[in-house]
Amino acid sequence: MLKLENLKCGYGAFTAVHGLSLKIPQGQIFALVGANGAGKTSTIMTIAGQVELQGGSISFDGRDISKLPASRRVTEGIALAPEGRRLFADMSVEENLTMGGYSRPRSAEAEAKAMVLETFPRLKERIAQRAGSLSGGEQQMLAIGRALMADPKFLMIDEVSLGLMPKIVDVCYDAIEKLKARGITILLVEQNTQRALAVADQVCVLESGRSVWMGSAEEARKDPKLIEAYLGLT
Ligand code: ATP
């Protein structure tokens, strides 16, 4: 479904990712892990069309999308729940969800909202509340919910569990598994490697903008030291 070939990306003269190739088949969960500054966020922002592609290509459903503007990638079925959530803090939960569906016909909005609220019942209780006044976990649910409003085939979530209480992390991961069961292909960026490995089909460890290990999550689960060695954990 999504294929990166020798992807290079960065900011002006600076290159953050130096040639990353990977394939994510339809229906799978792919986890991108690695230390701070490894290039995980840059990679997904480049797939979304929000960071400069400096070389290589991105194809989606067999088509090269490398040159499409970010808004067209959304209509092609690619959605992003970004790092730091980037919600509209002064708007309500409901208004934030409406903004997420801007690329679709108005007639699709009610059904999409119902689906999001079924996935995250907590948001239903908070529907009229200002997004800026939500807890960190609720904001993460809203960021994922807003991305879902675009009815994506491919969903990218940056830093799923960062700063969240364990109970809320569980809620987010339960939702991710439900989305997978609905056929959505998912690319996760996660610092909590163990958590990502528990749900992922495949994993890639990035270090200084390069892939240092890629393989099935099952293999990594069987041999935890494999990944820990790359991440410098004990
Ligand atoms: P983190 O968990 O800290 O977000 P990451 O693996 O997602 O880490 P990136 O955010 O992709 O890493 O950062 C990769 C490199 O790109 C880092 O060296 C970072 O300093 C640099 N970088 C990120 N954003 C910018 C920017 N807007 N301008 C210049 N350099 C940037």
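Just so you know, ligand 1 is whichever comes first in the structure, and atom 1 is the first atom listed for that ligand.
Distance remark: protein heavy atom present below 4.0 angstrom from atom 18 (O) of ligand 1. Note that atom 14 (C) of ligand 1 has protein non-hydrogen atoms nearby, at separations under 4.0 angstrom.
Residue contact check for ligand 1: Gly209 places no non-hydrogen atom closer than 4.0 Å to it. Put simply, part of Gly37 is less than 4.0 Å from ligand 1, judged by heavy atoms.
Under 3.5 Å, the side chains of Ser21 and Lys3 contain no donor-acceptor pair of N or O atoms. With hydrogens and angles left out, the side-chain atoms of Thr185 and Gln28 include no donor and acceptor closer than 3.5 Å. Arg146 and Thr98 share no side-chain donor-acceptor pair at under 3.5 Å. Side-chain contact annotation: Tyr11 with Gln54, donor-acceptor N/O pair under 3.5 Å absent.
Taking every non-hydrogen atom of Ala16 and a distance limit under 4.0 Å, the qualifying atoms of ligand 1 come out as 14 (C), 15 (C), 16 (O). Those atoms of ligand 1 that come under 4.0 Å of a heavy atom in Gln191, given as number and element, are 2 (O). Set against the non-hydrogen atoms of Glu83, the atoms of ligand 1 under 4.0 Å away are 4 (O). Taking every non-hydrogen atom of Ala35 and a distance limit under 4.0 Å, the qualifying atoms of ligand 1 come out as 6 (O). Near Phe14, the atoms of ligand 1 lying under 4.0 angstrom from a non-hydrogen atom of the residue are 15 (C), 16 (O), 18 (O), 21 (C).
The protein non-hydrogen atom at the shortest distance from atom 30 (N) of ligand 1 is Tyr11 CD1, 3.4 Å. Annotation: atom 10 (O) of ligand 1 to nearest protein heavy atom, Thr41 CB, 3.6 Å.
Of the possible donor and acceptor atoms, one in the side chain of Gln140 sits under 3.5 Å from a partner among the backbone N and O of Glu159. A distance-only check finds a donor-acceptor pair linking the side chain of Arg73 to the backbone of Ile65 [under 3.5 Å].
Atom CE in Met115 sits 10.0 Å away from atom CG in Leu97 (nearest 0.5 Å).
Only the side chain of Glu159 comes within contact range of ligand 1, with a heavy atom under 4.0 Å; no backbone atom does.
The shortest N or O to N or O distance between Gly39 and ligand 1 is below 3.5 Å.
With Glu138 as reference, Arg126 is the one residue of Lys124, Arg126, Arg130 to meet the salt bridge (Lys or Arg N to Asp or Glu O under 4.0 Å) rule.
Residues Cys204 and Phe30 are in side-chain contact: their nearest non-hydrogen atoms beyond the backbone lie under 4.5 Å apart.
Counting only non-hydrogen atoms, the option in Ala38, Ser42, Ser208 that gets closest to atom 9 (P) of ligand 1 is Ser42.
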